[in-house]
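Letters A, B, ... are given to chains in the order of the sequence lines, protein chains preceding strands, and every chain is numbered from 1.
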Amino acid sequence: MRTTPVPELPEVEVVRAGLQRWVAGREVASVEVRHPRAIRRQEGGTPQLVAGVKGRVVPCVSRRGKYLWLPLLVPGHPVPEAALIAHLGMSGQLLIEPTGAPDERHLRVRFGFADGGRELRFVDQRTFGGLWVTDLVPDGAGGRVPREVAHIARDLLDPRWDETSVVRTVRRRDSEIKRVLLDQTVASGIGNIYADEALWRARIHGRRPARSLTAAQIRELLGHARDVMEQALAEGGTSFDSLYVNVNGQSGYFDRRLSAYGREGEPCGRCSTPIRREAFMNRSSFWCPSCQRAPRGRAAVRR
DNA sequence: CATAGATCCTGTATGC
DNA sequence: TGCATACAGGATCTAT
């Protein structure tokens with residue numbers, strides 16, 4: 001095992017697509033909460049979660065960034081007013097399992113369906129993730145999104161992604177470029193792994209002030225972020241050990257393609273300089289000290 | 001308001 | 001062997 005698995009946008013999209021296939025059109029019949037922390041963001045707790053989903057039909061499965069949600073349709077009504085929203089956190093899984101299959105060690109919530117077919121399970125070792133029912137609100141573009149998603153920016157794979165607007169936002173931020181990449185209100189879906197990969201591909205050091213980059217450099221950087229996520233998506237999601245599995249229980253294998261993340265001491269794929277690692281925001285950054293030149297001290301911060 | 005840092009959580013790896 | 005500690009990190013909350 002290299003390190004911990006963390007679902008980012010490609011992994012969440014893999015889960016979304018799997019759920020779409022397995023639960024679309026089905027009516028929820030039951031909910032069993034096995035660990036209260038998994039629904040800590042649910043207003044009204046378990047009773048309100050049960051009331052919100054029982055008897056509702058799931059027409060489709062949607063996603064923005066790392067959030068995904070199941071709209072909840074009251075039979076006979078044309079439009080859903082609420083949704084079951086899910087965030088996988090660091091170790092969350094949404095699994096489709098045959099009824100009666102043995103419980104997973106970290107099973108947190110189980111959903112049964114009226115057709116008696118396979119059930120939906122939320123399994124989460126570290127319990128940073130969670131599920132809850134929330135209102136759908138206007139997204140400002142004619143659609144509707146869960147209340148908690150409204151403040152998150154569109155992601156790089158969104159058909160309505162507006163690159164010119166995002167580049168402008170990035171250049172206005174008074175912060176280091178990696179922090180900006182990780183800010184979900186600027187562009188959603190980029191986590192620590194893909195931020196490091198995009199920076200490596202673009203030959204940009206994560207501590208460079210965002211304002212020191214040209215618009216062209218930011219466009220290139222975002223393009224690399226999109227490319228690496230699309231590659232991961234095509235291969236079924238990144239995986240570091242058996243903890244991350246997609247909705248059908250199969251691990252992805254994209255980790256073998258990562259160039260910087262998790263490769264401390266290994267030779268850079270371009271110049272063979274050993275990849276460096278440093279603590280950053282209570283996590284780690286990996287970069288090539290030769291290809292990605294560090295900014296000079298704090299001189300870039302003007303006073 | 002914008003930005004930085006602390007915090008939550010537990011299995012795994014490592015050190016003494 | 002057993003115990004303690006470090007580490008993984010997204011989103012949220014608090015502080016500045």
Side-chain angles (χ1 to χ4, degrees), chain A residues 1-13 15 34-43 63-69 85-94 104-109 122-132 134 145-153 155 168-197 206-212 225 229 237-245 255 258 260-265 277-286 298 300-303:
Chain A
M1 188 190 89
R2 189 188 306 280
T3 180
T4 194
V6 176
E8 293 194 27
L9 186 151
E11 293 77 14
V12 178
E13 173 57 22
V15 172
R34 301 286 299 272
H35 195 303
R37 185 171 157 80
I39 63 152
R40 65 196 180 283
R41 297 184 69 181
Q42 173 67 59
E43 185 185 344
R63 180 190 61 74
R64 176 180 288 189
K66 287 171 269 196
Y67 281 98
L68 59 83
W69 65 93
I85 187 171
H87 197 291
L88 302 178
M90 294 175 60
S91 54
Q93 300 169 256
L94 283 165
E104 291 76 8
R105 174 127 96 110
H106 302 292
L107 175 64
R108 307 305 190 197
V109 186
F122 180 64
V123 176
D124 190 11
Q125 173 198 111
R126 271 161 272 191
T127 64
F128 272 44
L131 298 167
W132 64 101
T134 188
V145 294
R147 182 185 310 284
E148 292 82 352
V149 169
H151 76 289
I152 301 292
D155 61 63
R168 201 179 324 131
T169 302
V170 170
R171 295 197 72 199
R172 278 200 293 249
R173 298 297 292 266
D174 181 19
S175 187
E176 297 164 354
I177 185 61
K178 182 170 177 183
R179 287 178 177 277
V180 178
L181 285 180
L182 293 174
D183 187 334
Q184 305 296 297
T185 67
V186 175
S188 67
I190 305 175
N192 198 45
I193 299 169
Y194 295 116
D196 278 0
E197 290 302 297
R207 287 207 174 281
R208 289 277 303 277
R211 295 201 288 202
S212 74
M229 290 199 291
T238 299
S239 172
F240 296 94
D241 62 27
S242 60
L243 240 181
Y244 174 74
V245 294
D255 60 303
L258 297 178
Y261 184 85
R263 297 200 177 278
E264 181 182 22
R277 167 187 169 177
E278 77 170 2
F280 171 80
M281 292 174 76
N282 284 336
R283 51 208 60 146
S284 294
S285 287
F286 298 88
R298 301 284 169 190
V301 181
R302 105 167 47 132
R303 43 171 296 154

Among the nucleotides C:dG10, B:dT7, C:dC7, whichever has the atom closest to the side chain of A:N282 is B:dT7
Nearest-nucleotide pick for A:F128, side chain only, options being B:dA6, B:dC8, C:dA11: B:dC8
Is there a side-chain contact between A:T127 and the phosphate of B:dC8, meaning an N or O under 4.0 Å from OP1 or OP2? no
Taking 4.0 Å as the cut-off, does a side-chain nitrogen or oxygen of A:R41 come that near to OP1 or OP2 on C:dT12? yes
Answer yes or no: are there more than 12 heavy-atom neighbours, outside A:E43 itself, under 6.0 Å from its atom CD? no
Minimum-distance nucleotide to A:R37 side chain [options: B:dC8, B:dT10, C:dG10]: B:dC8
When only distance counts, do a donor and an acceptor, one from the side chain of A:R126 and one from the base of B:dG11, lie under 3.5 Å apart? no
Which nucleotide wins on minimum distance to the side chain of A:H151, given the candidates C:dA11, C:dT12, B:dC9? C:dT12
Under 4.0 Å: is that the gap between some side-chain N or O of A:Y67 and OP1 or OP2 of C:dT12? yes
Contact class for A:R40 (heavy atom, under 4.0 Å): base, sugar-phosphate, or nothing? nothing
Please state how far atom CZ in A:R179 lies from atom C1' in C:dG10, giving the value in whole angstrom units. 14 Å
Using a cut-off of strictly less than 4.0 Å, decide whether A:S175 has a side-chain nitrogen or oxygen near OP1 or OP2 of B:dA4. yes
Does B:dG11 have a Watson-Crick or wobble mate here (both distances under 3.5 Å), and if so which one? C:dC7
Closest-nucleotide 5' rank along DNA chain B - winner of A:R173 and A:H35: A:R173
Interatomic distance, CD@A:E13 vs CE@A:M229, rounded to 0.5 Å, equals 11.0 Å
I need the CG-P distance between A:D155 and C:dG10, as an integer number of Å. 15 Å
With a cut-off of less than 4.0 Å, is there a side-chain N or O of A:Q184 near OP1 or OP2 of C:dA11? yes
Note: for A:M281 and A:R172 on DNA chain B, the residue whose nearest nucleotide lies more 5' is A:R172
Does the side chain of A:H106 get closer than 4.0 angstrom to OP1 or OP2 of B:dT10 through an N or O atom? no
For the pair A:Q184 (side chain) and A:I190 (backbone), establish whether a donor and an acceptor sit closer than 3.5 Å, ignoring hydrogens and angles. yes
Where the side chain of A:R105 is concerned, which of B:dT12, B:dC8, C:dT12 is the nearest nucleotide? B:dT12
At 4.0 Å (heavy atoms only), tell me whether A:N192 reaches a base, stays on the sugar-phosphate, or touches nothing. sugar-phosphate
Would one find a side-chain N or O of A:R283 under 4.0 angstrom from OP1 or OP2 of C:dA6? no
